[in-house]
Amino acid sequence: MEQGKSKRFPRQTEEVKSKARERERSGKNWRLRVAKMVLVPLLLFFSLVIGLMIGYGGVGKKPMSDVFDPGTYKHMWDLMFEDT
């Protein structure tokens, strides 16, 4: 019964693990590394923009397009450092 389970999950076999290690050592997965290096910062940037739009437009009840206006951030800067 357990032999059937091990066949269903080929990732757990030693042969598959050794192939993955060999692939990592030979550098054949460079496409995956490059994709991660490009996709992760891109997704973080889009998450930041979407979060700003939701926070400013949804929670702050202001037009979402004001997020991209530099005057908004100058006003916030002036409010935060008014006394300094």
Side-chain angles (χ1 to χ4, degrees):
M1 184 133 182
E2 291 186 20
Q3 288 179 341
K5 286 185 178 180
S6 65
K7 288 182 180 177
R8 290 179 64 191
F9 301 104
R11 292 184 201 164
Q12 297 176 357
T13 62
E14 189 61 35
E15 181 181 337
V16 173
K17 288 180 182 177
S18 66
K19 283 184 180 179
R21 283 186 216 133
E22 183 179 320
R23 195 177 318 134
E24 286 180 15
R25 289 181 191 151
S26 65
K28 289 183 180 178
N29 59 355
W30 63 271
R31 292 182 187 135
L32 181 63
R33 275 194 229 151
V34 170
K36 285 180 184 177
M37 289 171 54
V38 172
L39 282 178
V40 169
L42 199 65
L43 289 174
L44 287 174
F45 176 75
F46 283 122
S47 298
L48 174 70
V49 170
I50 290 171
L52 283 172
M53 291 175 70
I54 289 171
Y56 198 78
V59 177
K61 301 191 188 311
K62 301 280 184 173
M64 287 186 187
S65 61
D66 284 352
V67 169
F68 303 109
D69 184 22
T72 302
Y73 298 102
K74 183 176 181 329
H75 179 69
M76 288 172 39
W77 181 272
D78 290 342
L79 287 175
M80 288 187 333
F81 299 106
E82 185 178 41
D83 295 333
T84 58

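A continuous path of Ile, Leu, Val, Met, Phe, Trp and Tyr side chains, each step under 4.5 Å between heavy atoms, connects M64 with F46, placing both in one hydrophobic cluster. In the hydrophobic clustering of this structure, F45 groups with M53; members are Ile, Leu, Val, Met, Phe, Trp, Tyr whose side-chain heavy atoms approach within less than 4.5 Å, directly or through other members. Follow the hydrophobic side-chain contacts under 4.5 Å out from L52 and you reach M76 in the same cluster. Linking ILVMFWY side-chain heavy atoms closer than 4.5 Å, directly or via other members, places V59 and L79 in two distinct hydrophobic clusters.
Looking at every heavy atom in both residues, P41 comes nearest to K36 through CD-O, 4.0 Å. When all heavy atoms of T72 and D66 are compared, the pair lying nearest together is OG1-O, 2.9 Å.
Between F68 and V49, some side-chain heavy-atom pair lies under the 4.5 Å cut-off. In this structure, V67 and Y73 have side chains that are in contact, with non-hydrogen atoms separated by less than 4.5 Å.
To the nearest 0.5 Å, atoms CG (L43) and CG (L48) are separated by 12.5 Å.
Within a 6.0 Å sphere centred on CE of M80, other residues, nucleotides and ligands contribute more than 12 heavy atoms.
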